[in-house]
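Worksheet: the structure to be examined is printed underneath.
Throughout, protein chains are lettered first and strands after them, A, B, ... in sequence-line order, and every chain is numbered starting at 1. When reading the values below, keep in mind they use all heavy atoms of this one structure, side chains included, and skip hydrogens, waters and symmetry mates.
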Number of protein chains: 2
Amino acid sequence: MDQPPPRSPSVADVALKAGVSKATAARVLGGYGTVSDRVRDAVTAAARALDYRPNELARSMTTGRSGTIGVVVGDIENPFFSLAVRGITDVARQAGFTVILINSGEDVASEKAAVRTLLAKRVDGLIVSPSKESDVEHLQEAARSGRPLALLDRGSEALDVDTVIADDRYAAEGVTRRLLSLGHRRIAYLTACDTPDHLFRTPADINTGSVRRRIEGFLGVCRQEGLKDMERWVHVGAVTPDDTRRIVTAMLQAGERPTAIIASDSVIGLEVFKASRTIGLAIPSDLSLVSFHDADWTSVTSPPVTVVRQPVYQLGETAARLLVERLNGEGAKSRRVILQTEVVERASVAEAPA
Amino acid sequence: MDQPPPRSPSVADVALKAGVSKATAARVLGGYGTVSDRVRDAVTAAARALDYRPNELARSMTTGRSGTIGVVVGDIENPFFSLAVRGITDVARQAGFTVILINSGEDVASEKAAVRTLLAKRVDGLIVSPSKESDVEHLQEAARSGRPLALLDRGSEALDVDTVIADDRYAAEGVTRRLLSLGHRRIAYLTACDTPDHLFRTPADINTGSVRRRIEGFLGVCRQEGLKDMERWVHVGAVTPDDTRRIVTAMLQAGERPTAIIASDSVIGLEVFKASRTIGLAIPSDLSLVSFHDADWTSVTSPPVTVVRQPVYQLGETAARLLVERLNGEGAKSRRVILQTEVVERASVAEAPA
DNA sequence: TTGAAAGCGCTACCAT
DNA sequence: ATGGTAGCGCTTTCAA
């Protein structure tokens, strides 16, 4: 009548019940080696009777593979990342891997902790969307530890690892040229990336690779067209919707307000849309708006929003595929994949007001 | 000059280098037991020199705790789930747990596989948003296996476990009454939940708890008001945006079309919005729309959409908190938490057209 | 084809 | 305070 410790049955238990050795039971349970049909049946029956469940932990201990990949993104709540993560999980699952997800909040310290945790849990590989391109020693370490690493949406020159990004610079250049051709001269770029003093001076201030490239593209085209000092139109620190609202409102109510705004992601784009409406500025007659990320709602607003469509799902999918290939021992040198974007012209962009 | 196997250093290695026993090194490395300051320093130094990384897998093997909780949701890409998952991960992280995420695609078979995988990986606990209330033996099993389970957004009478849901029935009743009072009689309810023949007959056809309760509320109020046979206005199978578009278009172009539509989530709501616009039906004069889930974009459309605001983040947060408490040995009997919703009246609802 | 035994890296218990 | 040692559940030689 005493309670035996409710330990779940192990191979040893199954072996005992099946009347074979632990090794033999393990062979059929683990699906390796060779066993006679009779023994296989006996073991299978015993396992079923005992409701045996393999312990992946123990398996991982000896094989050295955990069947897990760690994913670190800024914020799963952001539709950009949730879509990318969907791409990752789909590929991972199909390849027999499971995904551990950690949000970094775009904070390097958290990101480091996340990577450490993941490494400690012995993930087989990592997919990281590094919050800072410059601060990557922890990633370097991960890579050196022998665990494959793939970078998502943001690269790093310093890191020789598989990388999947979009053609951000090119996209920004295109958008900027279009705006310029419509007569816009006061064009603002608004990003969540922040600097210590919340001020922007040079692209070097921006640590997020994808965003830095966009700003470089934006600034470059402006310079080409003879516009100078456009740096003052780059606004950083739109971290939360509240931040964004504050920044946009200030910007739009200033003496010399922008005639066009480029939003670095759909969450920011939405806030710009809201704020301009609140202030009473009409899009696109008073203000043109272009947003990165073709979020699903951007086509139903009035007016619908012109966006840079990024292949977000594929970004995740590709990163996962590269990683899985590497985990399977394929591929020698690291690959950098650049996925193409596309500008979806809708109705939030018009000629600059006189 | 020969390569020693690039095995990462273990406690034994650190102990050797520090000139202490394995047990002692383990004590400082694991942060348990007591050690002299001198020894602690020596071990710490050795660990640093060797770049020692604890192996959580091994630790889990002996402690029986993996520091991981498994989460199974329908689709992380759906803003509802990504927000709930954010709530979960925030709480989990703070409590020192890491999250393994699996999408079920609202498919019971996938859900079962997911639970099995998670159990095999020896997660400490599970949070599941069960795709079917009726089909829960795998969850029963999980619960019986001694690993705590918490249900998210959907309950099950059959399962005596911690559950966090919203007051769906109440919300649906309120929305229905409001519509009725505005003269609507042809009110459609549109959900992603599907039935084998894609036809709805009775709430018992709907296996997703939250949705079934809403439909019961909807139907109940209608019946109360003397409307009969409202079952024919319940449409199922709006799984993908394409499905939704097809269903909505057919419904709106039928001889007797609804004057109001209740969308079961924001993804569906968005599609209804798009489709009605495509068809040329004006919201709210020709068609009233109410959507569940106060997605961020619902306030910027023209007209803005009236929604049932669910405390989605808190749903996840609470589920995680209940689970963590249970993991810490607190709480005896299972708790069911019902979070309140709120109808946010915007401008997509008006009197029924004559 | 099957079995015995070593060991993965760690914790935990019992001595000292 | 420190060390010895027995496992955790599995895979993997090596023999038989």
Side-chain angles (χ1 to χ4, degrees), chain A residues 4-44 46-47 50-68 119-124 145-146, chain B residues 4-44 46-47 50-68 119-124 145-146:
Chain A
R7 190 180 48 79
S8 65
S10 70
V11 277
D13 300 319
V14 176
L16 194 66
K17 176 155 187 115
V20 299
S21 77
K22 212 177 66 172
T24 303
R27 274 189 271 262
V28 5
L29 262 17
Y32 54 88
T34 45
V35 278
S36 66
D37 286 358
R38 190 180 12 240
V39 169
R40 159 168 294 107
D41 291 348
V43 172
T44 308
L50 261 31
D51 189 32
Y52 167 79
R53 312 291 194 117
N55 183 333
E56 282 295 340
L57 246 40
R59 189 168 288 175
S60 302
M61 277 279 331
T62 61
T63 61
R65 311 192 81 206
S66 63
T68 301
L119 252 23
K121 294 222 186 271
R122 294 302 191 258
V123 294
D124 292 332
S145 85
Chain B
R7 188 180 49 79
S8 66
S10 70
V11 277
D13 300 320
V14 175
L16 195 66
K17 175 151 186 121
V20 298
S21 79
K22 214 177 65 172
T24 303
R27 273 189 273 262
V28 5
L29 262 16
Y32 56 89
T34 46
V35 279
S36 67
D37 287 357
R38 191 180 13 240
V39 169
R40 161 168 294 108
D41 291 348
V43 173
T44 309
L50 260 32
D51 189 32
Y52 167 80
R53 310 291 193 119
N55 184 334
E56 282 296 340
L57 246 41
R59 189 168 286 174
S60 302
M61 278 280 332
T62 62
T63 61
R65 310 193 82 206
S66 62
T68 301
L119 252 22
K121 293 221 186 270
R122 295 302 191 259
V123 293
D124 292 332
S145 84

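For the residue pair B/R40 and B/V28, the shortest heavy atom distance occurs at O-CG2, 4.3 Å. Looking at every heavy atom in both residues, B/V14 comes nearest to B/A47 through CG1-N, 3.9 Å. What you find for A/R59 and A/G30 is that their closest heavy atoms are NH2-CA, 4.0 Å. The two residues B/S66 and B/D124 have their closest heavy-atom pair at N-OD1, 2.8 Å. The two atoms that bring A/Y52 and A/P9 nearest to each other are CD1-O, 3.3 Å, heavy atoms only. For the residue pair B/A25 and B/A15, the shortest heavy atom distance occurs at CB-CB, 3.6 Å.
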Pair assignment for DNA chain C - dot-bracket with | for other-strand partners, Watson-Crick or G-U under 3.5 Å:
||||||||||||||||
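Contact footprint of chain B on DNA chain D: nucleotides with an atom under 4.0 Å from a non-hydrogen protein atom, first to last in 5' to 3' order, D/dA1 to D/dG9.
With hydrogens and angles disregarded, a donor-acceptor distance shorter than 3.5 Å links the side chain of A/D13 to the backbone of A/S10.
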Grab the N/O contacts between the protein and nucleotides 9-13 of chain C below 3.5 Å, and write none if there aren't any.
from   : atom 1 : to    : atom 2 : distance (Å)
C/dC10 : OP1    : B/Y52 : OH     : 2.4
C/dC10 : OP1    : B/N55 : N      : 3.3
C/dC10 : OP2    : B/V11 : N      : 2.5
C/dC10 : N4     : B/K22 : NZ     : 2.8
C/dT11 : OP1    : B/R59 : NE     : 2.5
C/dT11 : OP1    : B/R59 : NH2    : 3.4
C/dT11 : O4'    : B/T62 : OG1    : 2.7

As a quick check of understanding, evaluate side chain to side chain contact (heavy atoms under 4.5 Å, CB included) for A/K17 and A/L50, giving each step before the final call.
CA-CA 9 Å; A/K17 176 155 187 115; A/L50 261 31; 3.4 Å; yes
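Looking only at side-chain heavy atoms (C-beta outward), B/S60 and B/K121 stay at 4.5 Å or farther from each other.
To the nearest 0.5 Å, the span separating CG on A/L29 from CG on A/N55 amounts to 12.0 Å.
Between A/T34 and the phosphate of C/dT1, there is a side-chain N or O to OP1/OP2 separation shorter than 4.0 Å.
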